[in-house]
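In what follows, a structure is listed as structure tokens, so that the remarks can point back to it.
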Amino acid sequence: MTPEHIAPTRFADRTTAGAFLAVDLQRYANDPDALVLGLLRGGVPVAAEIARALGLEVDVLAVRRLVMPERSEIAFAALAAYGEHTSLKYIEGVWDSAQLRFEKEVLDEVETTARKDLEELRSRLVGEIVLPVAGRTVILADDGMASGATMLAAVELMREAGAERIVVAVPVAPKDARKEVEPLVDEFICAIAPRVFHSVSAFYSRFDSLADYEIIALVPHL
Ligand SMILES: O=P(O)(O)OC[C@H]1O[C@@H](O)[C@H](O)[C@@H]1O
């Protein structure tokens, strides 16, 4: 690490965050066995910049959070899909309280809607070419973690898909989420580990939503 490689308290935008993470991922530069997957949508600019800086391939991984009815900031689970594989990962404590507070039918409906949204997302933003991950080093990039549900689903998916090595690269992650994810992966790279965490967006000056055309412009084969 160079002396000037000190994380800011917030990043200008997702691309700047990706450039910062790329410095810590230098050992994978030009490695033909490594690729970067950006979690849709916000992880894609982060992944694209890592891939550009390191000369790696980049693809997208479709994810959808399952959130508490009327509390969209609280995820009790997340879905992830890549190629033939799909995974659904629950956050234990939150899922328990969701089951206590809501009828099964209500939670089933959340899952059904999330599955539909995931398919819709895939039909719009996942290309016909899906880069192979079996036996490779997969760098999973997102713009940040909150509960960790989304990243947990992505990690489980990559294990199922036969990734040889899984590296998580995120600009920001609260301690609790990190504790869930780090033991399951080969390497965990995180720029900002805040003591107080309210939302991923608080760690960016610009945190715009990304249109389809912006995602497509970042990933050459989409
Ligand atoms: O699944 P958790 O960690 O709760 O939420 C993280 C997701 O929420 C969004 O802000 C980020 O883009 C990330 O994909």
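Model, not experiment: these values are computed from the prediction. Computed from heavy atoms alone, side chains included, the values below leave out hydrogens, waters and symmetry copies. Just so you know, ligand 1 is whichever comes first in the structure, and atom 1 is the first atom listed for that ligand.
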Give every pair made of an N or O atom of ligand 1 and a protein N or O atom lying under 3.5 Å apart, one pair per line with both atom names and the distance to 0.1 Å, or write 'none'.
from     : atom 1 : to     : atom 2 : distance (Å)
ligand 1 : 1 (O)  : Thr150 : N      : 2.9
ligand 1 : 1 (O)  : Thr150 : OG1    : 2.4
ligand 1 : 3 (O)  : Ala146 : N      : 2.7
ligand 1 : 3 (O)  : Ser147 : N      : 3.1
ligand 1 : 3 (O)  : Gly148 : N      : 2.7
ligand 1 : 4 (O)  : Arg65  : NH2    : 3.1
ligand 1 : 4 (O)  : Ser147 : N      : 2.8
ligand 1 : 4 (O)  : Ser147 : OG     : 2.6
ligand 1 : 5 (O)  : Arg65  : NE     : 3.3
ligand 1 : 12 (O) : Asp143 : OD1    : 2.6
ligand 1 : 12 (O) : Asp143 : OD2    : 3.4
ligand 1 : 14 (O) : Asp142 : OD2    : 2.7

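The list of ring-ring contact (aromatic ring centres under 6.0 Å, His included) pairs with a residue in residues 163-182, not counting sequence neighbours, is empty. Applying the ring-ring contact (aromatic ring centres under 6.0 Å, His included) definition to pairs two or more places apart or across chains, those involving residues 17-55 are His5-Phe20, Phe11-Phe20.
Taking Phe197 as the reference, Phe203 meet the ring pair (Phe, Tyr, Trp, His ring centres under 6.0 Å) condition, with sequence neighbours excluded.
Residues Asp96 and Tyr90 have side chains that never bring a donor and an acceptor to within less than 3.5 angstrom of each other.
Cation-pi check for Arg178 over Phe188 is not met; the charged atom does not lie both under 6.0 angstrom from the ring centroid and within 45 degrees of its normal.
Using a cutoff of 4.0 Å between basic side-chain nitrogens and carboxylate oxygens, Arg71 and Glu73 are scored as salt-bridged.
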